[in-house]
There are 2 protein chains.
Amino acid sequence: MQHCQHHQQCQQEAITVAEKYCATHNLRFTPLRRRVLELIWTSHEPVKAYDILDAISDTDTSSKPPTVYRTLDFLQQYGLVHKLNSQNAYIGCAHPNKHQQCYFLICTACSEVSECCYQSIDTLIQKVAKKNNFTQQHTVLEIQGLCESCQNEKA
Amino acid sequence: MQHCQHHQQCQQEAITVAEKYCATHNLRFTPLRRRVLELIWTSHEPVKAYDILDAISDTDTSSKPPTVYRTLDFLQQYGLVHKLNSQNAYIGCAHPNKHQQCYFLICTACSEVSECCYQSIDTLIQKVAKKNNFTQQHTVLEIQGLCESCQNEKA
DNA sequence: TACGTTATGTTATACTATAACATAACGTAT
DNA sequence: ATACGTTATGTTATAGTATAACATAACGTA
């Protein structure tokens, strides 16, 4: 499994980015929203909605599924979090709204996910859409496979 | 909404293809599997598992969720059907195992789905994977937007 | 402080999918 | 033809994912 050296730093940076983003855009970064985002940034693995619910239930007994899903909706709406459709799980985004679309590399061995945002992909998808007279709104691209570390471990 | 002129023909062809595929590969194309595949090919819209269950329950009272999911597993395994992860729905494939990967254009207005299999996409994704030292296993690409007909209807 | 808006609480339920074990159908070697 | 291993389906139960609908609370501002 791949590790970033000081993950707590990723987490803190992500929270700071979110704080600033919300401040700039006049959005409320409430304690609940902060808490959920922190939980999602606990690792680079995607997190399940009900795992978030379990975690916040420790301190907040009034948490119910809508508590989590509404918070996830908010975070997704502003690009702070993405849903991985192939996993029914959620992952933090380090650069909210920097790209139109975010694409993902998902390791099937260690579950780590990395974003991969290339203009060349956007361009090609746009081209494909155009060729089919299709107006693109949103695109899900999830590339599943083995990350570098997990390939090496197998060898 | 976009229509193919004689959809029943699509359906029949798909069944014939599946029949041959199974015959060639020594697979059992049982009545249940045929029935489910026919239901999926009733339209070019993706079909929900529980809608399939409702449909087959009309004639087969012993149908339960595993009946459907197991059949879908079989059909997916041999590329006769694909799951659309962003919709939790299933769609027939006209050319089982012709491509490594199938990609989709999903109309958010009329729900119609068309496959879009371009070598150029495969190539680019492979390149992106390589650049990240990632070994690709399976890729989900679902492009959501408006199909030609639905764009025109809006105009 | 009164009021509209946004966020959260609360209850209930809908929707999606699988585990685990039992029986039946099929294919084939004897 | 029959016995046996394999594959398919039946059956019961439950796990996992997500939303509807309505109530209350917190916030922001005129």
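So that the names make sense, note that chain A is the first sequence line, chain B the second, and so on, each numbered from 1.
- Of the two residues contacting DNA chain D, namely B/Asn88 and B/Arg33, the nearest-nucleotide position lying further toward the 5' end is that of B/Arg33.
- As judged by a 4.0 angstrom heavy-atom cut-off over every strand, B/Arg70 is placed among the base-contacting residues.
- A side chain to side chain donor-acceptor pair (under 3.5 Å) with A/Arg35 holds for exactly one of A/Thr71, A/Thr30, A/Thr59; it is A/Thr59.
- At the heavy-atom level, B/Tyr90 lies under 4.0 Å from the strands shown only through sugar-phosphate atoms.
- Mapping A/Asp73 and B/Pro65 onto DNA chain D via the closest heavy atom, the residue that lands nearer the 5' end is B/Pro65.
- Atom pair A/Leu53:CG and D/dT17:C1' shows a separation of 12 Å (rounding to whole Å applied).
- For B/Thr30, a side-chain nitrogen or oxygen approaches OP1 or OP2 of D/dT9 to under 4.0 Å.
- Checked by distance alone, B/Tyr50 brings no side-chain donor or acceptor within 3.5 Å of a matching partner on the base of C/dA14.
- Whole-Å rounding puts the B/Ile52 CD1 to D/dT9 P distance at 14 Å.
- Distances shorter than 4.0 Å separate some side-chain N or O of A/Lys83 from OP1 or OP2 on D/dA18.
- The phosphate of C/dC15 (OP1 or OP2) has no side-chain N or O of B/Lys48 nearer than 4.0 angstrom.
- For B/Thr67, whose side chain is taken as the heavy atoms from C-beta onward, the closest listed nucleotide among D/dT17, D/dG10, C/dT8 is D/dG10.
- Listed pair A/Ser63 / C/dG9 fails the phosphate criterion, with no side-chain N or O lying under 4.0 Å from OP1 or OP2.
- Across all strands shown, C/dT1 forms a Watson-Crick or G-U wobble pair with D/dA30, both key distances being under 3.5 Å.
- For A/Tyr69 against D/dA20, a side-chain-to-base donor-acceptor contact under 3.5 Å is absent.
- Judged by Watson-Crick or G-U wobble contacts below 3.5 Å, the nucleotide C/dT30 has D/dA1 as its partner.
- When rounded to the nearest whole Å, the span between CZ of A/Arg28 and P of D/dA25 equals 16 Å.
- Closest to the side chain of A/Asp60, from the set C/dT11, C/dG9, D/dT11, is C/dG9.
- Remark: D/dT24 base-pairs with C/dA7; criterion is Watson-Crick or G-U wobble with both hydrogen-bond distances under 3.5 Å.
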